[in-house]
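When a ligand or atom number is given, it counts from 1 through the structure's own listing order.
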Amino acid sequence: MGKITAAITAVGGYVPKYVLTNKMLEEMVETNDEWITTRTGIRERRILKPEEGEGSSYLAIKAVENLLEKKQLDPTEIDMVIVATATPDTLVASTAAFVASKIGATNAFAYDLLAACSSFLYGMSTAAAHIASGHYKKVLLIGADKMSSIIDYTDRTTCIIFGDGAGAALFEPNDEGLGLQDQYLRSDGVGRTFLSMDAGGSLMPASEETVKNGKHYIYQDGRTVFKFAVSNMADAAERIMERNDLTHDDVNWLVPHQANKRIIDATAKRVNLDHSKVMMNIQHYGNTTSATLPLLLADYEKKLKKGDNLVFAAFGGGFTWGAIYLRWAYNQQA
Ligand code: UT7
């Protein structure tokens with residue numbers, strides 16, 4: 001028997017029903033559909049309305065329900081649940097523990113993983129390592145973010161970008177050489193000042209002042225983040241291909257974080273991949289942070305074939321970024 005690799009054996013996705021279009025945003029802030037579409041590629045995003053009184057766990061649970069139904073999996077078989085999120089339900093109690101209980105994963109242990117928009121990518125590395133250790137057989141990785149909970153809908157520089165959603169992927173051992181092959185993950189704390197939510201953590205606890213000054217909303221120096229994102233995401237994708245001797249012909253799919261269509265296009269261009277091989281749904285969901293990668297997998301699942309070579313790439317706050325090379329392990333049953 002060959003080396004045990006960690007393969008994705010099922011995926012699920014969920015986005016809330018409420019659609020916030022560019023036209024609707026025109027009524028809320030000084031912007032226009034043309035600017036948003038040409039600068040970002042986004043046409044609409046989904047929002048979990050505040051009056052529903054739910055957090056990111058709700059999105060995560062829905063995505064897992066979708067996965068469990070497709071896979072016909074008994075949740076008590078799951079060994080471990082990781083929730084990748086930048087918007088946990090609460091800051092101290094683990095969101096993953098709550099999600100695991102709610103989905104009936106009563107034999108699992110669970111924890112959250114926070115690495116901004118790279119959370120799911122890093123989570124893939126973590127999930128795969130737990131599988132490769134031989135200790136766990138079924139690791140559930142969920143990317144879930146209710147970005148609307150930290151967005152200032154009077155700030156046109158951020159409210160047009162983000163949306164809510166969740167996706168889930170099940171990792172299991174594989175002895176055919178499929179699954180995660182290689183990873184190139186990086187971080188640089190220089191990014192902390194360019195993309196953050198300043199208050200609510202230990203550095204700047206919540207106060208009347210922080211609320212008044214809007215410090216509980218996400219802030220982004222878009223232009224600077226854009227420059228770092230373009231060069232690092234493209235660089236990571238190129239490196240992972242080079243060191244695995246993958247040419248553009250060998251790669252079946254680029255799975256890029258959905259932050260901005262221009263960043264996705266630049267990454268695809270650097271590695272010489274045709275648009276037909278680039279997964280994209282930013283036009284429908286905007287940037288859902290930890291959920292972009294698994295939502296792509298859920299949306300493209302039917303097109304994926306066993307043995308396909310996938311290159312994942314992401315960039316996010318921190319800064320955090322990287323790329324992963326994974327061989328797809330199944331054909332979806334009709
Ligand atoms: O996922 C985590 C990582 N995040 C990212 O990767 C995001 C990276 N950044 C971006 O995607 C882009 O920087 C943005 C989409 C956020 C902004 O696009 P940009 O092309 O970098 O625009 P900009 O910030 O350079 O602004 C250009 C102009 C400015 O006006 P002036 O100063 O040239 O007069 C802005 O005030 O566009 C203005 N502007 C807008 N105009 C209409 C900024 N936001 C808007 C808006 N509608 N919503």
May I ask you to decide if [Y]'s main-chain N or O and [X]'s side chain share a donor-acceptor pair within less than 3.5 Å?
{"X": "Lys277", "Y": "His248", "answer": "yes"}
{"X": "Thr320", "Y": "Ala115", "answer": "yes"}
{"X": "Asn232", "Y": "Ala229", "answer": "no"}
{"X": "Asn174", "Y": "Ala6", "answer": "no"}
{"X": "Asn309", "Y": "Arg327", "answer": "no"}

[atom]: which of [options] has the nearest heavy atom?
{"atom": "atom 4 (N) of ligand 1", "options": "Gln220, Glu30, His257", "answer": "Gln220"}
{"atom": "atom 8 (C) of ligand 1", "options": "Trp35, Phe162, Phe226, Phe319", "answer": "Phe226"}
{"atom": "atom 9 (N) of ligand 1", "options": "Gly222, Cys159, Cys117", "answer": "Gly222"}
{"atom": "atom 12 (C) of ligand 1", "options": "Ile160, Val225, Asn260", "answer": "Asn260"}

Within the 4.0 Å heavy-atom shell around [X], which atoms of ligand 1 are there?
{"X": "Asn287", "result": "1 (O), 2 (C)"}
{"X": "Arg39", "result": "19 (P), 20 (O), 22 (O), 27 (C)"}
{"X": "Thr40", "result": "15 (C)"}
{"X": "Ile161", "result": "16 (C)"}
{"X": "Ile263", "result": "6 (O)"}
{"X": "Arg262", "result": "18 (O), 19 (P), 20 (O)"}
{"X": "Ala259", "result": "1 (O), 5 (C), 6 (O)"}

4.0 Å heavy-atom contact, Val29 with ligand 1: no
Taking both backbone and side-chain atoms of Thr157, is any N or O found less than 3.5 Å from an N or O belonging to ligand 1? no
Regarding Lys49 and the six-membered ring of Tyr18, is the cationic atom NZ or CZ under 6.0 Å from the ring centre and inside 45° of its axis? yes
Using ring centroids (six-membered ring only for Trp), state whether Trp321 and Phe319 fall under 6.0 Å. no
Under the rule for ring-ring contact (aromatic ring centres under 6.0 Å, His included), what residues qualify as partners of Tyr136, not counting sequence neighbours? Phe109, His130
Can you list, pair by pair, the side-chain donor-acceptor contacts under 3.5 Å of residues 98-106, counting residues two or more places apart and other chains?
from, atom 1, to, atom 2, distance (Å)
Ser101, OG, Ala97, O, 3.3

Can you confirm whether something in the protein, heavy atoms only, sits under 4.0 Å from atom 34 (O) of ligand 1? no
Using a distance threshold of 4.0 Å (strictly less than), state whether atom 18 (O) of ligand 1 has a protein heavy-atom neighbour. yes
Which protein heavy atom lies closest to [atom], and at what distance to 0.1 Å?
{"atom": "atom 32 (O) of ligand 1", "answer": "Arg223 NH2, 4.2 Å"}
{"atom": "atom 47 (N) of ligand 1", "answer": "Thr31 OG1, 2.7 Å"}
{"atom": "atom 30 (O) of ligand 1", "answer": "Arg156 NH2, 4.6 Å"}

Less than 4.0 angstrom from a charged side-chain N to a carboxylate O is my criterion; do Glu65 and Lys70 meet it? no
Carboxylate-amine/guanidinium proximity below 4.0 Å for Lys306 and Glu176: yes
